[in-house]
2 protein chains.
Amino acid sequence: MRQTKIESPEKISEKASKQPSKVGKANSLHAKKRILLAASELFAAGGISALSVRSIADAAGVSTIGIYSHFNGKQGILDALFMEGYQMVYDSMAFSTVGLSAKQILLKGVHGYLTLANEYEGHYRLIFGENGNQYEPSDEAREMSSKAFKRLVSHSCIILPPNSAWPLKQKIALELWAFVHGYVSLKHHATSAMISDQHWQEMAVEGISIHIDALIAKYPTSQTK
Amino acid sequence: MRQTKIESPEKISEKASKQPSKVGKANSLHAKKRILLAASELFAAGGISALSVRSIADAAGVSTIGIYSHFNGKQGILDALFMEGYQMVYDSMAFSTVGLSAKQILLKGVHGYLTLANEYEGHYRLIFGENGNQYEPSDEAREMSSKAFKRLVSHSCIILPPNSAWPLKQKIALELWAFVHGYVSLKHHATSAMISDQHWQEMAVEGISIHIDALIAKYPTSQTK
DNA sequence: TTGACAGGTATAACAACGTTATGCTTAACT
DNA sequence: AGTTAAGCATAACGTTGTTATACCTGTCAA
């Protein structure tokens with residue numbers, strides 16, 4: 001059942017031990033990667049319910065204690081997945097904007113966001129706390145989410161006059177985000193059974209499109225190319 | 001520690017036993033109420049984390065098995081709280097609309113919703129699945145949520161031409177709901193630490209106000225009194 | 001070479017969780 | 001009275017996240 005032995009010995013110091021003085025080798029190749037991979041697969045397959053420490057350990061071919069040696073227990077696993085999710089959000093906002101109008105840019109971002117939310121529902125639910133009490137993102141994870149939000153702000157402020165104040169930029173970014181996220185969240189909710197029309201993504205884009213137009217009209221200084 | 005005995009005996013048949021033929025008395029006064037009250041208090045105080053079967057039973061002065069006699073275990077408790085929450089949402093939409101413009105009506109509803117979400121954060125999180133996998137609303141609970149949504153639809157369609165099709169009405173209701181809920185959900189999220197301005201409620205009302213104006217402009221047949 | 005040391009691992013255990021099987025008590029009806 | 005059915009407490013089961021203990025195995029120093 002359990003694989004007999006791991007042939008190539010491995011050790012980890014990498015970053016968190018005590019002094020980075022003596023133990024300079026620091027390879028840490030297989031185990032940590034295997035654990036994260038197994039966790040990712042279980043997570044994608046069955047959501048957070050399938051993510052028990054023992055199931056991860058079994059799937060990765062390590063003992064339960066391995067989850068605590070290489071990660072910070074379940075919290076560390078969830079942190080890694082949380083950051084994985086936000087990294088995807090962050091990456092989804094890295095597209096070229098040349099030759100696009102302000103509205104096109106925003107709609108492109110919205111489309112990418114919705115696609116991501118659809119494809120990685122597990123990550124999305126984890127990111128948005130739909131995981132139930134039992135996880136609070138670490139400082140590092142919060143840093144990651146802050147980074148993604150800043151990129152969102154810098155994208156969405158193109159419909160504002162160039163010298164707008166930072167709180168206003170934040171407000172607009174939050175306004176757009178709330179709208180898009182609201183659609184995604186309601187889709188995950190029991191509500192989805194009440195809605196006859198199943199074309200969530202189109203409905204979301206349509207609604208947000210209206211709002212973007214309204215924002216452009218409200219802040220007319222925007223450089224609509 | 002545990003209170004010695006419950007003086008006044010109580011029995012329950014009420015609705016779910018087998019045949020409603022013989023055991024006609026059916027009082028079921030104290031225990032069930034006590035359990036629900038205890039659960040509500042624990043829930044309000046500490047969210048879903050504080051809601052263990054044993055803690056509820058202790059607080060209600062019954063044994064753990066009581067949670068299964070009177071409710072359907074934890075699922076039943078959460079169902080009751082879920083429906084309690086949706087009942088409040090439902091009630092919050094029961095206000096007089098005489099003498100109000102369409103926009104005023106919608107903003108009134110939005111305000112009530114935001115206030116409720118702020119005051120009963122636990123219920124809100126439970127309703128919107130931010131409870132973590134471990135709860136799926138029952139059919140009865142879903143019925144309740146559907147009822148509330150229908151009232152939302154009937155309120156929000158006042159900005160539509162009177163004879164609009166049902167899917168369009170649903171779409172508009174969902175559009176408004178998604179926006180408002182998006183704000184609430186983001187406020188519950190790690191995001192709240194990123195936002196300098198803490199006036200969530202005002203920001204939400206402002207953003208939604210813009211959108212309502214846009215909708216009114218788009219569907220000009222609405223009877224703006 | 002020998003010794004000590006440090007770190008990853010396995011086993012087993014702990015506490016807490018939701019749930020249930022087993023009996024006991026008690027109220028209601030024949 | 002005697003039977004029946006339902007609520008109750010106790011204790012247990014299985015699973016969860018986490019940890020204490022011991023074992024093994026490399027690395028470095030004497």
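Only a predicted model underlies this, so the values are computations on that prediction, with no experimental measurement involved. Reminder, nothing fancy here: chain letters follow the sequence lines and each chain counts from 1.
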message: Rounding to an integer number of Å, can you tell me how far Asn72(B) CG sits from dG18(C) P?
response: 14 Å

- prompt: Considering all heavy atoms of both residues, which atom of Ser40(B) and which atom of Leu81(B) are nearest to each other, and what is their separation?
  reply: OG-CD2, 3.6 Å

message: I need the NE2-C1' distance between His70(A) and dG8(C), as an integer number of Å.
response: 7 Å

query: Which nucleotide sits closest to the side chain of Arg54(A): dA9(D), dT9(C), dA13(C)?
result: dA13(C)

- request: Choose from dT11(C), dC8(D), dT19(C) the nucleotide whose nearest atom is closest to any side-chain atom of Ile65(B).
  value: dC8(D)

- request: Side chain of Ser52(B) only, please: which of dT19(C), dG18(C), dG8(C) is the nearest?
  value: dG18(C)

Closest to side chain of Val53(A), choosing from dT16(D), dT19(C), dT18(D): dT18(D)

query: Does Arg125(B) pair with Glu121(B) as a salt bridge, N-O distance under 4.0 Å?
result: yes

message: From C-beta outward on Lys74(B), which listed nucleotide comes closest to its side chain: dT20(C), dG18(C), dT18(D)?
response: dG18(C)

query: Out of dA9(D), dG18(C), dG7(D), which nucleotide sits closest to the side chain of Val62(B)?
result: dA9(D)

statement: Between CG of Asp58(A) and P of dT9(C) the distance, given in whole Å, is 14 Å

task: Using atom CD1 of Ile35(B) as one end and atom C1' of dA9(D) as the other, report the distance to the nearest whole Å.
output: 14 Å

query: Quick one: Phe71(B) CZ to dG7(D) C1', roughly how many Å, whole number?
result: 15 Å

field: Contact summary for Leu176(A) and Ser156(A), nearest pair of heavy atoms
entry: CD1-CB, 3.6 Å

Atom-to-atom span, NZ of Lys32(A) to P of dT9(C) - whole angstrom: 12 Å

message: When you measure from the side-chain N and O atoms of Ser69(B) to the phosphate of dG7(D), is any distance below 4.0 Å, counting only OP1 and OP2?
response: no

- prompt: Counting only heavy atoms not in Glu143(B), do more than 12 fall under 6.0 Å of its CD?
  reply: no

query: Across the strands shown, which category fits Ile77(A) at heavy-atom distances under 4.0 angstrom: base, sugar-phosphate, nothing?
result: nothing

query: Taking atom P of dC17(C) as reference, at what distance in whole Å does atom CG of Leu51(B) sit?
result: 11 Å

message: Please report the distance, rounded to the nearest Å, between OH in Tyr68(A) and P in dT19(D).
response: 6 Å

query: Which heavy-atom pair separates Phe43(A) from Gly122(A) by the least distance, and what is that distance?
result: CZ-O, 3.1 Å

query: If you check the Thr64(B) side chain, which of dT9(C), dT19(C), dT19(D) turns out closest?
result: dT19(C)

